[in-house]
Structures are given as structure tokens and as C-alpha cells.
Q: 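What follows is a structure written as C-alpha cells; I'll ask about it next.
So you know, we letter chains A, B, ... as the sequences are listed, proteins then strands, and number each from 1.
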Amino acid sequence: MSLPKAYEPHDVEEHWRKHWEDNHTFTPDPDAKGEPYSIVIPPPNVTGALHIGHALNHTLQDVLCRHARQKGKKVLWIPGTDHAGIATQNVVERALAKEGKRRHDIGREAFIERVWDWKREYGHRIINQIKALGSSVDWTRERFTMDANLARAVRRVFVRLYDEGLIYKGKYIVNWCPRCHTALADDEVDHNPAKGKLWHVRYDLADGSGSVTIATTRPETILGDSAVCVHPEDERYAGLTGKQVVVPIVNRTVPLISDRYVDREFGTGALKVTPCHDPNDWNLGHTHKLAFIQVIDDNGNMCHFEDEGGAAKYAGMSREECRAAIVEELRANGHLVKEEDIEHSVGCCYRCKTVIEPYVSEQWFVATTRMAPQARAAVPELIRIFPDSWMKTYYNWLDNIRDWCISRQIWWGHRIPAWTCADCGELIVSETDPAACPKCGASHLEQDPDVLDTWFSSSLWPFSTMGWPEETGELKTFYPTSVLVTAFDILFFWVARMIMMGQHFMGEVPFRHVYIHALVRDEQGRKMSKSLGNGIDPFDMVSKYGADALRFTLVALAAMGRDIRMSEPRIEGYRHFMNKLWNASRFALMNLEENAVPEPVNPDAAAGLHNRWILHRLEEVKAESDAAIESYRFNDAAQGLYRFLWSEFCDWYLELIKGDMKDDAPADAKAEARFTLYTVLKETLVLLHPIIPFVTAEVWQSLPGHAGEDIALQLFPEARPGCLKPGDADDMIFIQETISAIRTIRAELNINPSYRLTVLLRPVDAKQKELLEHGRAWFMSLARLENLIISAEEHAPKASASNVVRGCEVIVHLSGAVDFQAELARLDKELGKVDRELAALNGKLSNENFLTRAKPEFVEQEKARAADLADKRGKMLALQKRFREAAE
RNA sequence: GGGCAGUUAGCUCAGUUGGUAGAGCAUCGCCUUCACACGGCGGGGGUCACAGGUUCAAGUCCUGUACUGCCCACCA
């Protein structure tokens with residue numbers, strides 16, 4: 001079987017994607033043997049597109065899953081998508097807007113149908129993108145957060161929590177988007193800096209004894225004031241608390257209170273309190289039992305209120321109009337003391353950028369304050385977070401948690417399973433749609449119009465996807481999942497809530513590990529975003545460089561706890577690695593007999609030093625890459641394999657066996673090299689497969705004896721402890737160092753690479769001599785020699801260039817026009833290095849404290865090094881002297 | 001304001017119990033050597049942000065400073 005000269009990913013990937021899907025390769029049997037290993041995918045927005053962050057997220061999970069399969073585990077990786085309430089609704093609303101319609105024009109049912117249409121049309125796109133990356137998910141278990149089964153789980157959870165008092169309905173001041181007509185979670189509000197005005201307004205004391213000046217950016221809320229508040233220790237206002245003040249315009253008499261919340265430094269140190277229209281004032285209103293006066297409605301307009309002081313004229317105005325009008329009135333009646341410019345931040349709807357309005361309304365809540373302690377206690381005993389620096393962040397959030405507002409005033413999502421009886425007002429919360437009021441029997445029931453926050457269904461994802469509330473085999477086998485892989489930005493919305501729900505409904509945490517990976521940034525370290533236009537589309541990259549190149553890049557850069565800076569040239573660079581692997585494999589195939597598995601030899605007893613060396617290194621690399629993946633050090637795994645394959649296997653091993661592969665080479669040497677080549681390549685392919693599944697799959701099935709096989713089903717190679725031979729490996733490295741020394745001399749003296757040199761090696765002892773003799777053929781080919789003399793008795797000719805490697809003098813005969821200057825410069829440079837190192841070492845060794853207090857074995861090691869260097873220095877000085885004489 | 005990271009070669013970054021500072025890319029020189037020019041061989045390049053401290057020994061541990069980035073809270 002022959003492979004094309006350069007790796008072309010496109011067809012290869014297409015073939016294997018289809019193969020894996022058609023064969024249900026990644027559908028586990030829950031009853032099979034083996035330890036279970038499971039992951040649920042963090043479901044991306046169904047109508048979105050995967051960005052590079054998803055590509056990283058999915059690639060890391062895929063590495064873990066493929067690796068776990070290799071370790072004999074039964075692996076379940078569940079794919080799916082999220083309905084993403086507000087985001088999706090917005091997308092569809094925008095599409096409607098193009099037809100000149102708004103959602104209210106077509107009505108709730110028709111609108112929801114439109115969203116489903118949209119989902120059916122665009123849901124495939126994201127699924128195809130997951131497939132393009134090569135993710136080894138179980139496609140037979142694909143889930144969507146609005147699936148019927150998941151909807152059932154949502155209702156079950158809602159009703160149970162309601163019955164237990166952990167879900168309640170209450171008035172609360174929420175972040176309200178007057179345009180979207182929905183409450184927003186705190187984290188759905190963007191804080192944008194804005195230029196505004198700070199108006200200083202005088203409030204007269206009711207007893208006429210003076211006044212207090214407050215500062216506000218929102219004078220329109222004066223209409224809803226129910227107190228003025230100062231800091232209890234503020235001398236400026238000492239003695240005033242407890243008095244009454246008169247709110248301008250409405251002439252309302254309200255108390256002057258004190259609270260430590262007030263910042264004395266800001267404005268005038270006196271704060272007007274509007275409990276219905278500011279979250280902090282809401283808290284003050286409750287602690288000080290103030291009046292709650294609503295003056296702004298759900299559209300952000302001034303609503304109708306009691307006509308105090310003729311204020312009714314403001315009703316119906318927008319917030320902005322009213323603000324201007326009130327400022328004018330204050331100016332006119334002399335209450336406006338000062339107007340100053342101020343830079344402050346304004347909360348805006350994260351979808352539509354409308355300024356949010358704090359608004360008191362009826363909402364549903366989950367009492368997460370009560371669920372938090374148990375979720376907090378799960379870390380780190382039951383759940384380990386990697387890297388553990390995120391634990392503090394997790395604790396910090398849970399320690400400051402507030403109840404979770406779960407109702408959203410939109411249409412797309414899980415509708416709240418609560419009904420109100422139109423006749424008697426009874427509130428009914430039920431898993432199934434009730435036919436009649438259980439209290440009065442009437443059938444005029446109105447379902448709550450709100451839907452649940454998207455994260456509500458997401459928080460059930462680890463068990464809802466496995467069929468809960470049924471007691472399924474999946475749940476029994478695969479819950480809790482092994483690890484959750486996610487970016488830190490949803491640690492709060494999602495991870496903590498999954499933990500709470502898992503503990504509450506499954507009696508067990510939803511995952512054992514949480515691996516928090518990096519954020520992918522651009523070359524300048526900026527977050528990739530659509531608005532900046534600096535995003536790298538992962539699928540452009542896949543089509544240009546192949547999925548493996550993209551995956552390898554992401555994995556190689558995924559150092560724990562650090563962001564990734566991504567750029568296209570980097571991916572292009574790693575594509576070269578795919579090609580290198582491809583060509584190394586081509587070389588192997590050319591040197592193996594077609595369709596014939598090499599005759600096995602005992603790898604523990606290989607005769608060739610090069611074979612013993614590469615087998616030794618293979619064992620080390622196996623252990624290292626295994627350990628690296630198991631401890632989420634993805635970059636270590638990728639870089640270790642990169643180095644082994646390129647710098648050791650290709651650069652040295654393949655060159656070392658070329659002699660063995662010649663027709664006239666001894667049969668046993670050829671057989672041993674072939675088998676070793678075959679073994680090392682095969683096992684390296686398996687080690688690389690979790691990171692680069694496609695190219696490894698393609699090469700694997702072209703190997704003799706593996707036609708038609710799927711590398712995804714191969715087990716992790718067994719350890720061969722008998723192959724670990726550090727001494728032999730070191731001997732091989734000595735030969736490599738010696739070859740490199742000759743090459744360096746050649747390059748630095750500008751001797752043409754094709755010119756065949758004569759070299760003298762003067763070994764320090766018989767063992768070294770024997771070793772060099774063993775490597776004679778390698779010296780001849782890899783250093784391109786005409787003649788090699790290995791003898792301590794032989795002396796260097798005067799016209800020669802030299803170096804010393806582990807005491808062995810390496811002497812290159814120079815003939816013809818010798819560039820004396822070049823060689824002298826080279827020797828000086830080399831000696832300079834030795835001198836500097838030796839000086840540092842001698843300094844250390846003459847330090848009494850070092851000799852007495854450092855670990856003895858370390859002192860010994862340093863002494864040996866010093867002796868080696870001194871020996872090298874002496875030899876080089878002698879060689880230099882001889883050369884100088886020749887030069888004169 | 002509270003908290004968390006980071007600062008190592010031109011660039012992007014590794015550096016796991018303190019013990020000779022590394023990789024990839026880029027750069028320079030030589031080479032169309034029969035797997036690969038998406039290649040081979042070789043070279044140059046770093047006061048490990050700064051200042052102290054602990055230690056025989058600090059990129060690594062401690063304290064402080066500066067700068068950068070992020071998270072949380074607040075901005076009446």
C-alpha cells in the first residue's frame with residue numbers, strides 16, 4: 001500500500017468521520033466490562049456556531065475520551081445542544097424584524113413554532129461542526145435541552161423544589177430590560193462606562209430648620225423617594241437623623257435616616273432613597289421599613305401615581321423626558337444646587353444594549369442560598385477542580401450567593417409549570433397540565449406566561465441526558481460523570497448549579513473532576529469576539545490545514561491555568577508535524593515488506609544499540625504521555641510526543657536504520673530493525689491518536705497486518721519494563737553527540753556537506769573504543785566520512801580541527817586549503833565556554849559551606865563534572881597548541 | 001474597593017519536590033543526501049520585571065514594588 005507524498009487531510013477526515021458514525025464506534029455498551037468513564041458535553045447554543053473556544057473545549061474532551069478508551073474503559077461522551085433562551089429568541093426576532101414583524105404580531109404559539117423551525121434548520125450546522133473536529137461522541141445519545149425527556153426532568157425538578165420550599169415566588173427588584181420585557185440575571189447585565197450628570201438637589205427639613213442636599217444621577221426617581229439617608233458618623237448631618245424632610249416636586253414628607261451603607265465620600269454624603277427603583281435602596285427600604293412607591297413601569301416610562309404636588313403631569317413620559325423635565329422644574333423652583341459632569345457605569349441589557357431599569361416585580365426564585373453550603377462542601381473532597389486556583393473563586397462565589405431568579409419574560413424556553421385559578425386565585429404547581437382547580441374545581445386555569453432561565457435546564461444536564469427521572473442503565477453505570485471540561489466563564493452560571501442539582505436529586509455530585517481550560521485569545525491577547533472581528537473560525541482552519549493540525553495546536557498550547565494566544569501561522573506550523581508523521585510512516589512502509597508483518601524478535605534483547613535506545617525511549621514516552629493526560633497536562637503530552645517523533649524517531653532513528661535496510665545488510669540486523677521500526681511506529685501512532693485521530697487512523701490501516709482496522713479501538717500499548725535500559729540509551733546518546741561534534745566542525749569551517757571527511761577518534765578507554773567501533777557504520781553515513789580511525793595511539797595531524805566529547809578527542813583531518821583563522825576562532829569560542837563553566841564550578845567547589853552542607857551525592861556529581869571539564873580543557877589546549885604550530 | 005493570575009530568547013510559551021535556563025516559530029549559514037524543502041545539518045540569541053530576604057545553592061520558596069490581564073462588588 002502506498003501513500004501520497006504529502007498528507008492531504010480532506011478525504012481522509014471525511015472517510016473516518018463517516019466510518020466512526022456509521023459503525024457506532026463510540027456507542028458504549030453499559031453492560032460491557034471495564035471501568036466506566038463519562039463526560040457530558042457543555043451544550044453549545046443550538047442556533048450558534050462553534051468558535052475556537054468550543055474547538056478547544058471539544059478537543060480536550062476528545063483527548064480524554066479516546067485515551068480512556070485506550071485504557072480499556074467503557075466511555076460515554078454525550079453530545080447535545082442548548083436552547084439558549086434569550087439568545088435564540090433574539091436571533092429569531094431579528095429574522096422576524098426583517099419581515100417587518102414583531103413577535104407579538106404573530107403570537108406566542110406561532111413564534112415558538114418559528115423558533116423550532118429555526119432550530120431544525122440551523123441545529124445541523126453545529127452538529128456538523130462537532131463532527132468536523134472528530135469528536136468521538138456517541139451520536140445515538142444526542143440530546144437537546146428542550147427534548148421531551150429533558151422537559152419532563154425540568155418539570156419534575158421544578159415541582160419537587162417547589163414542594164420542598166426551595167422554589168418560591170416573590171417580589172424582588174430585578175434588572176429589567178424595558179425593551180426585551182424580561183428580567184435579567186446579574187450576569188446578563190453589561191456595565192458600560194457613560195458620561196452623565198450628577199445633580200445636587202436641596203431637600204428642606206419639614207420643620208423649616210434647614211435643608212439637606214443630596215446628589216443623584218436619576219432625578220426622575222425623586223417622584224418615588226421615601227427617605228433620605230446619611231452615614232451615622234457623618235458630622236455634617238449629626239443631629240439631623242430622625243427629622244423629616246420634604247421631597248421636592250411632590251412635597252412628600254419622608255424620614256431622614258442613617259445607615260452605614262452610605263459612602264460619605266460620594267457626592268454630598270446624603271443619599272435619596274427610592275426603594276422601588278434601585279437595588280440598594282430596595283435593601284434600605286426593607287431594613288428601615290420605608291414606603292415602596294413605584295413610579296416607572298415595565299416599558300421604562302413614568303407610570304401613573306398619586307398626584308402629589310402636581311406630579312401627575314409626568315405620567316406617561318419616558319425616563320429620559322421626565323429626567324429633563326424634572327431638572328427644569330428643580331432649576332425653576334430653586335432646588336437645584338449644582339450640576340456636575342460625572343463618568344459612571346450604566347447597566348445595559350447584554351443582548352440589546354438597552355439601559356436596564358431596576359424594577360420590582362413578581363419572579364420565581366430558587367433558594368440557592370440554602371443549597372450553597374452543601375455544594376461548597378463538595379470541593380475538594382468529592383470534586384477536584386483543576387487547576388486548584390479556581391477553588392477560591394468557587395468558594396468566593398458560593399459564599400456571596402443570592403437566591404437565583406429563574407423566571408424570564410420571554411417565550412422560548414421551558415414554560416413554568418404553574419397555573420393560577422381565575423376563579424379562586426389558587427396557585428397550582430404541577431408536573432402535568434392540570435384540568436381543573438383542585439380547590440374550587442373551576443377549569444379557568446391560566447399558566448404562568450414566563451419561561452425558565454436557560455441555566456435551569458442546563459443545571460440538570462448531567463443526569464437529564466441520561467434519562468432521569470427514569471432509573472436508566474446509563475445513570476446506574478455512568479453517573480456521576482468523570483470530569484467536566486469547561487472554560488471558567490461559566491463556572492458560576494453552570495458548574496455550581498449543576499453541583500447543587502446533582503446533590504439534591506441524585507444524592508451525588510455530578511462529576512469527580514472539573515477541568516477549567518484556558519480562554520482562547522488572539523495574538524495580542526484580546527478575547528476573540530465577533531465585534532472585534534479577530535476571531536479565528538475553527539472550520540476555516542479545518543478546511544485549510546486539517547482538523548488534526550488544529551487539534552494538535554490547541555492541545556500543545558493548552559497549559560493549565562493559562563490563556564492561549566492563537567494565530568493562524570501557528571496552526572500552519574503544526575500542520576508540518578502531520579506531514580512529518582505521514583512521511584515517516586511512508587518511509588516505514590517502504591522498508592517493510594508489503595502486507596507482511598515483520599517477524600517478531602524479542603525487544604528486551606535487541607542486539608542493535610540503536611534499537612535498544614529507541615525502545616527505551618518509547619517506554620519513557622509511553623509513561624510520560626499517559627501520566628500527562630491523566631493529570632490534564634495536555635501540553636506536556638503533545639510536546640513530549642512531538643519531540644519524540646520528530647527529534648528522536650525521525651532525526652535519529654530512521655537515519656540509524658537506513659544501513660540495516662540495505663539489500664546487502666545482515667539478515668538478522670534487518671529483521672530486528674524492521675520489527676523495531678514497526679513496533680515503535682505503531683505504538684507512537686496509538687499514543688498520538690487521542691490528539692490527532694484522523695492521520696493516525698489512516699496510517700494505521702495501511703500498516704501491514706492492520707488493513708481495515710480502526711486505531712480508535714486499539715488499547716494503550718502495554719508497558720515493556722524489560723526495554724528500559726538507561727545505560728544503553730546513554731551509550732547511544734554518546735555516539736549521537738560525537739556525530740554532532742563532527743557535524744559542527746564541518747558546518748563551522750564551511751566544509752561542504754557532501755565532502756567526505758577523514759576523522760580520528762581517540763577514546764578514553766577500552767569500553768569507549770568498543771562503543772565507537774559498534775557505531776562505525778553510523779559515523780560513516782551520518783557524519784559523511786571517507787575514513788574513520790578509532791585509536792588512542794594515533795595522534796592528531798597538525799592540520800586538523802578538533803573537539804572533545806566525554807573525554808574522547810574528535811579530530812577532523814583538514815586537507816587542502818585550511819582556514820586557520822576559522823578553526824582558531826572556533827577553538828577559542830569552545831575553550832571560552834569550558835573556561836566559564838569550569839570557573840563557576842571551581843568557585844562552588846572551593847566554597848567550604850557547599851562542601852559541608854550540600855547533599856553529598858550532589859557534591860560528588862559536581863566534582864565529577866569539574867574533573868571532566870578540566871580534562872576536556874587540557875586536551876583542547878593541547879590540540880590548540882598543535883594547530884597553532886601548524887598555522888605558523 | 002476586594003480577589004486571582006501573569007512578567008523567562010525577536011514572538012508564543014514550557015520549566016512537577018530549589019541543584020549546569022529549554023521548546024516551537026522567527027532569524028543567520030550550508031545543503032535539491034534515494035520518507036519528508038510542510039525537509040536536513042549547524043549557528044547566534046536570555047542579569048528569568050525590579051528590590052530585599054531565606055539557603056551551600058533561587059526562574060523555582062518568602063516579603064515588598066512596578067507593570068499587564070482577568071474576576072467580583074460598587075459607582076446614589
Q: Look through every strand shown and name the nucleotide pairing with B:rG44 as Watson-Crick or G-U wobble, where both distances are under 3.5 Å.
A: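 B:rG44 is unpaired by these criteria.
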
Q: Remember a base hit wins even if backbone is also touched, and classify A:L851 as base, sugar-phosphate or nothing at under 4.0 Å, heavy atoms.
A: nothing

Q: Within 45° of the ring axis of A:Y395 and under 6.0 Å from its six-membered ring centre, is that where the NZ or CZ of A:R376 lies?
A: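 A:R376 over A:Y395 ring: yes.
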
Q: Output yes if the stacking criterion (under 5.5 Å between centres, under 30° between planes) is met for A:F266 over the base of B:rA76, else no.
A: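 It does: the two rings, one from A:F266 and one from B:rA76, meet the stacking criterion.
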
Q: What is the distance, to the nearest angstrom, from the NZ atom on A:K272 to the C1' atom on B:rA76?
A: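 About 8 Å, once rounded to whole Å.
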
Q: Using a heavy-atom cut-off of under 4.0 Å over every strand shown, decide if A:N280 touches base, sugar-phosphate, or nothing.
A: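 It contacts sugar-phosphate atoms only.
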
Q: Does OP1 or OP2 of B:rA35 have a side-chain N or O of A:K658 closer than 4.0 Å?
A: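 Yes, within the criterion.
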
Q: For B:rA76, take OP1 and OP2 only and decide whether either is under 4.0 Å from a side-chain N or O of A:T217.
A: yes

Q: Taking OP1 and OP2 of B:rA35, is either one under 4.0 Å from a side-chain nitrogen or oxygen of A:R586?
A: no

Q: In Watson-Crick or G-U wobble terms, both distances under 3.5 Å, what is the partner of B:rA23?
A: B:rU12

Q: Can you tell me which nucleotide in B:rU20, B:rC56, B:rA76 comes closest to the side chain of A:R865?
A: B:rU20

Q: Output one line per pair: protein atom, nucleotide atom from nucleotides 37-43 of chain B, and distance, for all N/O pairs under 3.5 Å.
A:
| unit_1 | atom_1 | unit_2 | atom_2 | d |
| --- | --- | --- | --- | --- |
| B:rC38 | O4' | A:H576 | NE2 | 3.0 |
| B:rC38 | O2' | A:N579 | ND2 | 3.1 |
| B:rG39 | OP1 | A:H576 | ND1 | 3.4 |
| B:rG39 | O3' | A:K580 | NZ | 3.0 |
| B:rG40 | OP1 | A:K580 | NZ | 2.9 |
| B:rG40 | OP1 | A:W646 | NE1 | 2.7 |
| B:rG40 | OP1 | A:D651 | OD1 | 3.4 |
| B:rG42 | OP1 | A:S740 | OG | 3.4 |
| B:rG42 | O3' | A:T744 | OG1 | 3.3 |

Q: So A:V262, base contact, sugar-phosphate only, or nothing? Heavy-atom distance under 4.0 Å.
A: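 Base: the residue A:V262, judged by heavy atoms under 4.0 Å, touches a nucleobase.
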
Q: Given atom CZ of A:F858 and atom C1' of B:rU17, what is their separation to the nearest angstrom?
A: 15 Å

Q: If you only use heavy atoms from C-beta on, which nucleotide in B:rG44, B:rU20, B:rA35 is closest to the side chain of A:K833?
A: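 Nearest nucleotide to the side chain: B:rG44.
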
Q: Any base atoms under 4.0 Å from A:E848, or only sugar-phosphate, or nothing? Heavy atoms, all strands.
A: nothing

Q: Check every strand shown and say whether A:A215 touches a base, only sugar-phosphate, or nothing at a heavy-atom separation below 4.0 Å.
A: sugar-phosphate

